[in-house]
Colleague: 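Sharing a structure below in structure tokens format, with a few things to ask.
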2 protein chains.
Amino acid sequence: MIVMVSDSRSRMVESAVILLAKHGLQATSFAEVLEHSGAPRGSIYHHFPEGKDQLIAAAISLAGERAIALLDGLDGSDAQDVVDGFLGMWRAVLRASDFGAGCSVLAVTVAADSPPLLAAAGEIFRGWRERLAELLENGGITRATAPALATLIIASSEGAVVLSRAERSFAPFDQVGEQLRVAVDAASRRG
Amino acid sequence: MIVMVSDSRSRMVESAVILLAKHGLQATSFAEVLEHSGAPRGSIYHHFPEGKDQLIAAAISLAGERAIALLDGLDGSDAQDVVDGFLGMWRAVLRASDFGAGCSVLAVTVAADSPPLLAAAGEIFRGWRERLAELLENGGITRATAPALATLIIASSEGAVVLSRAERSFAPFDQVGEQLRVAVDAASRRG
DNA sequence: GTCTATACGAAGATAGAC
DNA sequence: GTCTATCTTCGTATAGAC
């Protein structure tokens, strides 16, 4: 039997990830997090003595680790399959939320008022870029191209999710996916 | 002598664009806008009787038109120069703000709580995509490729600005620029 | 067009009991 | 670990004078 060290804490972090992705940083208030998670009121500053920033940092850290875990599962695949897997994750987010959700790390980046929180977001993005570059290299892309191609894939995925949310249509997202496949194919041939 | 129909109104809209790009939607409060613009307190609901949403809609509309005007100035250029011009605009935003500002339309998209405001953001993005596609076509890209390539350029620029803000470095932005140039070059050759 | 005053709610945060 | 009560600040919005 596994001991539940702190169930309400993890439920709050989980809810914060979802609320950040849907409504942004300022709208992810303690009141919203408590309602969404069902966690008890009195446990906020017990679990997060440093306040909201600590909760948000934990949330984007979790979101960051989940994306890394997804990437890990794609290691060893052909570069094209790696890209498809990564895009598939974001497509699922758009579909499951009916264009109502995006990336929690991006939401924090564009609204953060605290330098440490912004730096945390930057570290997460950098981790994604580096891990994806490794996977692309393992999938047949040259070492000279993989880092920049990885950054293109992450930047354009993030942007595509925003465009599709705003337009409430998969059209922008799928156009980006199509062009990324062309780019990866060309890079694979060059490699 | 030109009549100043409403100077404080346009100053408020101008300030809202800047504050949205720097601090996001919720942080773009009337108090901040008034302080930044120097507009008088009593004129808020005179100029914007529908409240904050009306101010924000005017702000992203202005930002949208400015980007269109920049694109218009690039019409007739080679596709590669069009892309360089578009990227140059975003690079200037990052540089002038020391990585403190991004895209006001993106900021609204990820934090909007009002469907009309989200739809307004979507229309702006769609307008950019369509105009850029025209320019690419005029610059030598085939009609079959131009729309999707335009969307890739806009999505990846938006994402690259976010990554560079978070990492406080031009590295992600410049990697994306490099890869976009490769993609546009390849598309030009195919055309 | 601009002013002051004010209502009202929500936000983050703290104190002290249990 | 969780509760209630409370404080302070800030947000949007309205009313009515000038």
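This structure is a prediction, so every number in the text was calculated from the model and none was measured. Residue numbers begin at 1 in each chain, while the letters A, B, ... track the order of the sequences.
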Colleague: Round to the nearest Å and state the distance from B:R41 atom CZ to D:dG16 atom C1'.
Modeller: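 Result: 17 Å.
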Colleague: Rounded to the nearest angstrom, tell me the gap between atom CZ in B:F48 and atom P in C:dT2.
Modeller: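 Result: 12 Å.
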Colleague: Expressed in angstrom and rounded to an integer, what is the separation of A:L34 atom CG from C:dG12 atom C1'?
Modeller: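 To the nearest whole Å, that distance equals 12 Å.
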Colleague: Distance only, no hydrogens: is a donor on one side chain within 3.5 Å (strictly under) of an acceptor on the other, for B:T109 and A:R165?
Modeller: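 There is no such pair (donor and acceptor under 3.5 Å, judged by atom type) between the side chains of B:T109 and A:R165.
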Colleague: Using atom CD1 of B:I44 as one end and atom P of D:dA15 as the other, report the distance to the nearest whole Å.
Modeller: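 So the two atoms are 15 Å apart, to the nearest Å.
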Colleague: For B:I56 and D:dG11, what is the distance between atoms CD1 and P respectively, to the nearest whole Å?
Modeller: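 The distance from CD1 of B:I56 to P of D:dG11 comes to 13 Å, rounded to the nearest Å.
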Colleague: If you check every side-chain atom of A:P40, which of C:dA13, C:dT2, D:dT2 has the closest atom?
Modeller: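 Closest of the options to the side chain of A:P40: D:dT2.
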Colleague: Under 4.0 Å between a side-chain nitrogen and a carboxylate oxygen: does that hold for A:E14 and A:R11?
Modeller: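 Here A:E14 does not pair with A:R11 in a salt bridge, since their nearest N and O are not under 4.0 Å apart.
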Colleague: Does a side-chain N or O of A:S29 approach OP1 or OP2 of C:dA11 to a distance below 4.0 Å, or not?
Modeller: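 Checking A:S29 against C:dA11: at least one side-chain N or O falls below 4.0 Å of OP1 or OP2.
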Colleague: Measure from CZ on A:R11 to C1' on D:dT2 and round the result to the nearest Å.
Modeller: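 Result: 13 Å.
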Colleague: Taking the six-membered ring for Trp, are A:F173 and A:F99 ring centroids under 6.0 Å apart?
Modeller: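 No; A:F99 has its ring centre 6.0 Å or more from that of A:F173.
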Colleague: Whole-Å distance between D:dC10 P and B:E35 CD?
Modeller: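 About 11 Å, once rounded to whole Å.
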Colleague: Has B:S8 got a side-chain N or O lying under 4.0 Å from the OP1 or OP2 atom of C:dT2?
Modeller: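 Checking B:S8 against C:dT2: at least one side-chain N or O falls below 4.0 Å of OP1 or OP2.
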Colleague: On DNA chain C, nearest-nucleotide positions of A:A31 versus A:Y45: which is more 5'?
Modeller: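 Of the two residues, A:A31 wins.
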Colleague: Does B:H46 place a side-chain N or O at less than 4.0 Å from the phosphate oxygens OP1/OP2 of C:dC3?
Modeller: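 Checking B:H46 against C:dC3: no side-chain N or O falls below 4.0 Å of OP1 or OP2.
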Colleague: How close or far is atom P of D:dT12 from atom CD of A:Q26, stated in whole angstroms?
Modeller: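 That distance rounds to 11 Å.
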Colleague: Keeping to residues at least two apart or across chains, list the salt bridge (charged side-chain N to carboxylate O under 4.0 Å, His left out) pairs with something in residues 22-35 of chain B.
Modeller: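 As it turns out, there is no salt bridge (charged side-chain N to carboxylate O under 4.0 Å, His left out) pair with a partner in residues 22-35 of chain B once direct neighbours are skipped.
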